[in-house]
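Side chains included, hydrogens not; waters and symmetry mates left out as well; all remaining heavy atoms used. Here is the naming used below: chain letters follow the sequence lines, and residue numbers restart at 1 for every chain.
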Protein chains: 2
Amino acid sequence: MSQQRLIQIETDILGKNNSHADRNRSVFSKNGILALNLVSSPGSGKTTLLVETLKRLSGKAPASVIEGDQQTSNDADRIRKTGAAAVQINTGKGCHLDAHMVGHALEKLPLDPGSILFIENVGNLVCPAGFDLGEAVRVVILSVTEGEDKPLKYPDIFASADLVILNKTDLLPHLDFNVEQAIAHAKRVNRKIEVIQMSAKTCEGFDDWLGWLEDARERQALRDCQTKAAE
Amino acid sequence: MSQQRLIQIETDILGKNNSHADRNRSVFSKNGILALNLVSSPGSGKTTLLVETLKRLSGKAPASVIEGDQQTSNDADRIRKTGAAAVQINTGKGCHLDAHMVGHALEKLPLDPGSILFIENVGNLVCPAGFDLGEAVRVVILSVTEGEDKPLKYPDIFASADLVILNKTDLLPHLDFNVEQAIAHAKRVNRKIEVIQMSAKTCEGFDDWLGWLEDARERQALRDCQTKAAE
Ligand SMILES: Nc1nc2c(ncn2[C@@H]2O[C@H](COP(=O)(O)OP(=O)(O)OP(=O)(O)O)[C@@H](O)[C@H]2O)c(=O)[nH]1
Ligand SMILES: Nc1nc2c(ncn2[C@@H]2O[C@H](COP(=O)(O)OP(=O)(O)OP(=O)(O)O)[C@@H](O)[C@H]2O)c(=O)[nH]1
Ligand SMILES: [Mg+2]
Ligand SMILES: [Mg+2]
Ligand SMILES: [Zn+2]
Ligand SMILES: [Zn+2]
């Protein structure tokens with residue numbers, strides 16, 4: 001197959017994805033939902049972070065979760081134990097979620113007004129970068145065990161994100177990880193990216209993260225309000 | 001685009017890759033080279049492991065390296081410091097190496113008879129699974145920081161591998177990682193898979209790994225000899 005034909009196919013796939021993403025975005029907007037897309041390497045701590053976050057949100061803000069994985073419903077099972085609604089998407093051979101899959105998962109979720117929807121993507125620092133799911137916010141979780149060079153070596157995903165969570169900071173005393181350098185690398189590929197340092201073990205950073213979420217919800221509510229006023 | 005058309009395109013791409021892989025394999029066979037494809041999540045320790053391995057092979061077995069990364073030549077630079085020849089492939093948006101890229105990289109390497117060629121794939125636990133590079137041996141590196149569920153959640157790559165290196169064992173005292181369970185999970189998706197536990201920090205497991213490599217070289221030499229006899 002010619003290179004040109006391959007590029008055409010890719011453009012078609014991304015174009016289709018973008019129209020599904022726009023549809024999801026308008027569902028979120030209509031229902032006043034803040035949607036976050038969580039991306040990272042396998043095992044950086046996405047599900048653990050979500051479980052701890054949902055416990056802290058319980059009774060304060062309604063939240064639900066879409067879990068993306070190649071196989072198993074392990075992560076959705078872990079989420080449901082917190083009482084939150086969760087839908088598992090198994091991608092099989094697929095290496096990332098796309099907006100069409102998310103659209104169908106939305107049909108199975110309560111979509112409470114004012115709620116937060118966390119979408120945990122397949123653990124993959126490459127392929128999810130190009131696929132808008134309709135989210136308002138994209139968060140990259142980088143475990144300090146992965147090394148401070150990841151933003152330079154996998155730049156697309158950091159370039160497309162709003163926030164980096166530097167995770168597993170409890171392990172820092174046992175590693176040579178240079179926090180300042182990791183942050184500098186992330187800012188080099190994305191000048192505007194924000195950073196929160198966290199640990200699910202020591203609970204470091206949860207106040208910052210919950211505050212960040214609250215601010216994002218307020219920004220989202222303001223945007224939704226302006227959209228309605230403009231209609 | 002129809003689902004059928006997409007499957008057709010994928011079949012074409014994989015078919016083309018397989019013919020390039022066969023070509024690489026015959027280059028390896030003709031030159032008596034043992035080729036290994038190293039796959040893992042980003043930051044599981046592939047390059048660190050290679051650097052330590054090359055230091056120990058120095059003067060004993062000639063070795064060279066192909067480095068796959070989305071961006072930067074950092075990893076090839078780290079390898080060259082050991083004195084080994086290294087070629088960097090930058091995949092850009094690409095999420096895995098393919099056999100065609102490897103074929104071109106081979107043109108730039110010495111290909112010493114009886115040598116070992118390490119191919120470090122892009123850090124990605126999903127997409128490299130389907131792409132044969134012509135290697136004799138596929139090794140998955142799983143860092144103990146990633147959790148013991150990875151073989152079940154990302155089964156294709158474990159199913160396609162010959163060996164799992166359980167890496168960063170020096171961190172075990174600081175984690176809840178269950179080694180036996182991780183091994184059981186890997187064996188559940190691939191009954192024949194072998195396992196070596198290693199740490200680049202404490203040097204645990206290097207004797208096992210170097211012994212394993214030596215055995216693989218001998219098996220490869222025997223196969224090459226039989227191939228020649230059959231011709
Ligand atoms: N030390 C430490 N370990 C953590 C932390 N957060 C998660 N872990 C561990 O990291 C491993 C992976 O955690 P998960 O939450 O399953 O990671 P994930 O990103 O959801 O993994 P995938 O969905 O498979 O990509 C598990 O063994 C967790 O116990 C942390 O803050 N500190
Ligand atoms: N504690 C500990 N850290 C390790 C070990 N091996 C590697 N690391 C650290 O893990 C991080 C990633 O190591 P790399 O060797 O760059 O990993 P990689 O798999 O080549 O990464 P990519 O090529 O980007 O996918 C670095 O900070 C290393 O210092 C180990 O055995 N123990
Ligand atoms: Mg998870
Ligand atoms: Mg590397
Ligand atoms: Zn549909
Ligand atoms: Zn991919």
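The parts of B:Lys93 that come within reach of chain A are both its backbone and its side chain, each placing non-hydrogen atoms under 4.5 angstrom from that chain. Both the backbone and the side chain of A:Leu125 have a heavy atom closer than 4.5 Å to some heavy atom of chain B. Both the backbone and the side chain of A:Lys153 come within contact range of chain B, judged by heavy atoms closer than 4.5 Å. For a residue to count as touching a neighbouring chain, one of its non-hydrogen atoms must lie under 4.5 Å from one of that chain's; by this rule B:Asp75 touches chain A with the side chain only. Contacts between B:Leu152 and chain A at a heavy-atom distance below 4.5 Å involve backbone atoms as well as side-chain atoms.
Counting only heavy atoms from C-beta outward, the side chains of A:Ile79 and A:Val51 approach each other to under 4.5 Å. The shortest distance between side-chain heavy atoms of A:Ile141 and A:Val139 falls below 4.5 Å. Within the 4.5 Å cutoff, side-chain heavy atoms of B:Ile89 are placed close to those of B:Leu97.
When only modelled atom types and interatomic distance are considered, B:Asn17 and B:Asp132 share no side-chain donor-acceptor pair under 3.5 Å. Side-chain polar atoms of B:Glu204 and B:Thr169 form a donor-acceptor pair below 3.5 angstrom.
Of the listed residues B:Ser44, B:Pro42, B:Gly123, B:Ser40, the one with more heavy-atom pairs under 4.5 angstrom with chain A than any other is B:Pro42. Note: A:His174 leads A:His174, A:Lys201, A:Glu146 in heavy-atom pairs under 4.5 Å with chain B.
Ring geometry, B:Phe131 versus B:His96: the interplanar angle falls under 30°, so the pair is classed parallel (tilted spans 30 to 60°).
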